[in-house]
Amino acid sequence: MFLLQSISKRFRSQLPPSVFRRFLSDTDSPASNSKLFVAGLSWKVDEKSLKDAFSCFGEVTGVQIMYDKNSGRSRGFGFVEFVKEDEASSAKNGMDGKAFLGRPLSISFAVDKVRGLPLIIPRVSTSR
DNA sequence: GTTGAGCGTT
């Protein structure tokens, strides 16, 4: 599904628009609406406490805290995914700027970045 | 044992 979105963006100029309307809304905002980028985390915050804090705003489907490969400790930011967008936005409105375990949180909508796709556009040769 | 803007895989 998300792969389809990335692929469709690449071949948008080569395919009729009716193909994309099924997958893309009228906005191709780079931010995913149901996933939040949560920064300003204290280094002792783990995923379960983060999920527990955000679960009161809605159903949390996934929590990811980025850890440093060398030190093994938190890098101070992570991602919280909700089932619905309004839950995510309400969680953002409710938690952004608020202190969590001693540190103020900086919450925004996550940018769609997926590990695995090289995002290589070898040729844009639509002409010939 | 420390530090503090940020958009990803420990």
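Below, chain A is the first sequence line, B the second, and so on; all start at residue 1. Computed from heavy atoms alone, side chains included, the values below leave out hydrogens, waters and symmetry copies. No experiment lies behind these values; they were computed from the predicted model shown.
Using modelled atom types, no side-chain atom of A/D52 and backbone atom of A/K48 make a donor-acceptor pair closer than 3.5 Å. Put simply, the side chain of A/E47 gets close to the backbone of A/I65: a donor and an acceptor are under 3.5 Å apart.
In the region residues 57-67 of chain A, proximity to DNA chain B at under 4.0 angstrom, judged on heavy atoms, holds for A/Q64, A/M66, A/Y67. Only A/G40, A/L41, A/S42, A/W43, listed by number, bring a heavy atom of residues 40-51 of chain A to less than 4.0 angstrom from any atom of DNA chain B.
Residue pairs meeting the ring-ring contact (aromatic ring centres under 6.0 Å, His included) criterion with at least one partner in residues 43-76 of chain A, sequence neighbours excluded, are absent.
At a threshold of 4.5 Å between non-hydrogen side-chain atoms, the residues A/R73 and A/D68 do not count as touching. Put simply, the side chain of A/S74 does not reach to within 4.5 Å of the side chain of A/K44, judged on heavy atoms.
In this view, A/K84 and A/D86, A/E87 satisfy the side-chain contact (heavy atoms from CB on, under 4.5 Å) rule, not counting sequence neighbours. In this view, A/E85 and A/N33 satisfy the side-chain hydrogen bond (donor to acceptor under 3.5 Å, both in side chains) rule, not counting sequence neighbours.
Between A/F37 atom CZ and B/dT9 atom P there is a gap of 12 Å when expressed in whole angstrom units. A/D68 places its CG atom 14 Å from the C1' atom of B/dT2, with the value rounded to the nearest Å.
Residue A/S74 is out of contact with every strand shown, counting any heavy-atom pair closer than 4.0 Å.
When distances are taken from the side chain of A/R75 to each of B/dC7, B/dG4, B/dG6, the shortest belongs to B/dG6. Considering only the side chain of A/R73, B/dT2 comes nearest among B/dG8, B/dG6, B/dT2.
Residues A/M66, A/F77, A/F79 make up the rest of the hydrophobic cluster containing A/F37, defined by ILVMFWY side-chain heavy atoms closer than 4.5 Å, directly or through other members.
With centroids closer than 5.5 Å and planes inclined by less than 30 degrees as the test, A/F79 and the base of B/dG8 pass as a stacked pair.
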